[in-house]
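Scroll down for the structure; my scribbles are underneath it.
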Amino acid sequence: MDVAQALHMNGGDGDYSYSNNSLLQRKVISMTKPIIDDALTNLYSALNFPKTLIMADLGCSSGPNTLLVASELVKSVDKIRQKFGNDESPEIQIYLNDLPQNDFNTIFLSVSKFRKNLSNQMVSNNSSSPCYISGVPGSFYTRLFLRKSIHFVYSSYSLMWLSQVPEMIDINKGNIYMSTTSPPSVIKAYREQFQKDFSMFLKCRADEMVSEGRMVLTILGRQSDDPCSKECCYIWDLLATSLKDMVAEGLIEEEKLDSFNIPQYTPSPKEVRNEVEKEGSFVIDRLEVSEVNWDASTGNNLNLSEEEDVQGYNMGKCMRAVSEPLVLSHFGESTIDEVFKRYAENIKSSMSREKTKLINVTVSVTRKG
Ligand SMILES: C[S@@+](CC[C@H](N)C(=O)[O-])C[C@H]1O[C@@H](n2cnc3c(N)ncnc32)[C@H](O)[C@@H]1O
């Protein structure tokens, strides 16, 4: 599988689009806002109140979350500027990066509305163009920007995606991700791919960032040291169960299932720390773990069973928005609706049985001088 081609969130604004099914990720962005504010405050004073700031959101996707991040960054800088008693707003350039298959058009179509809304919300609206938005297609595992040009890098729920499916010497039979039944060589391949990718990411950003630049990364991760722990693998186990049932019913070939592996790795805080320290260009300012429930739905005024129904369905749609292009590229069009119907049912039934949550690992770092 060519991950850079196959991996993207569902575009547009349809029923299964990322745009309409990314409430959970939006909650995570909001939860980490204090860490962003802290990093920006330290950046702004360390750089002696610069007149221009260049920022990047890596793995921005498309939909409300993309421009939410951009607007939070601009508003945060404006508040910090006020706090330090500076009269002049810095001009801000925000680069929105994602893989080339991302729906950049949907973002670009909403930029003028975003700028209008933003200038109404600013503490001061003395600046007619507070920020400039550009799209940057390409993998964040490669260089994306000019050397020493970026002041602030942000990324949320993107760095758990690997650059490729790990090369495996054994078949990950009956699984599509790391699992308690995966051979040790499969777990090792996943771990090594993460280490290789994350250190390449840090090396590229180290080249691109100015000294004293700040970077805040939130990665879907785990608390446990065990890469097969339920907290990170369960969500993919439920997709594997749907696929296995379809193999048993003769709807999908067994070899197709055995050759499909999700290009994702959910690291522990310890693994994130190790890679940052090994690469050596950044100092860790904060490293925090948080949780978000699968039931990010805002549904209220519902009785319990209806609520579970809506929540299960929403998480099913969220996972479809995230993984449909990958699953489609491997299994084809003919089975896709059935796969995701079963996956949503499995999610719904597990949510009715137990409290299910995802773990977020957030690291805030400074580029060494
Ligand atoms: C779950 S979405 C998160 C989007 C957004 N940051 C949010 O929090 O809602 C993950 C995004 O990371 C992007 N992504 C994954 N690997 C990438 C890579 N190597 N380079 C750039 N973007 C990547 C995906 O295409 C996807 O749009």
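Every number for a ligand or one of its atoms is a count from 1 in the order of the listing.
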Task: M246 backbone acceptor or donor facing E249 side chain under 3.5 Å - done: no
- [ ] Start with the C-alpha distance between T366 and R214, add both sets of side-chain angles, then the distance that settles side-chain hydrogen bond (donor to acceptor under 3.5 Å, both in side chains), and finish with yes or no.
- [x] CA-CA 5 Å; T366 299; R214 300 299 199 271; 3.0 Å; yes
Provide, line by line, the atom pairs where ligand 1 and the protein bring an N/O atom each to a distance under 3.5 Å; else say none.
| residue | atom | partner | partner atom | Å |
| --- | --- | --- | --- | --- |
| ligand 1 | 6 (N) | G59 | O | 2.8 |
| ligand 1 | 6 (N) | S156 | O | 2.9 |
| ligand 1 | 8 (O) | S156 | O | 3.3 |
| ligand 1 | 9 (O) | Y18 | OH | 2.6 |
| ligand 1 | 9 (O) | N65 | ND2 | 2.8 |
| ligand 1 | 12 (O) | S158 | OG | 3.2 |
| ligand 1 | 19 (N) | S139 | OG | 3.1 |
| ligand 1 | 20 (N) | F140 | N | 2.9 |
| ligand 1 | 25 (O) | D98 | OD1 | 2.6 |
| ligand 1 | 27 (O) | S61 | OG | 3.4 |
| ligand 1 | 27 (O) | D98 | OD1 | 3.4 |
| ligand 1 | 27 (O) | D98 | OD2 | 2.7 |

TODO: For salt bridge (Lys or Arg N to Asp or Glu O under 4.0 Å), just list the numbers for K203 and E208, CA-CA rounded to whole Å, side-chain angles, deciding distance to a tenth of an Å, and then say yes or no.
DONE: CA-CA 9 Å; K203 202 172 151 349; E208 295 162 351; over 6 Å; no
Task: Presence of salt bridge, E192 and K196, under 4.0 angstrom - done: no
- [ ] Keeping the roles fixed (side chain from S182, backbone from M178), state whether a donor-acceptor pair exists under 3.5 Å.
- [x] no
Task: L47 versus S211, closest heavy-atom pair with distance - done: CD2-O, 4.0 Å
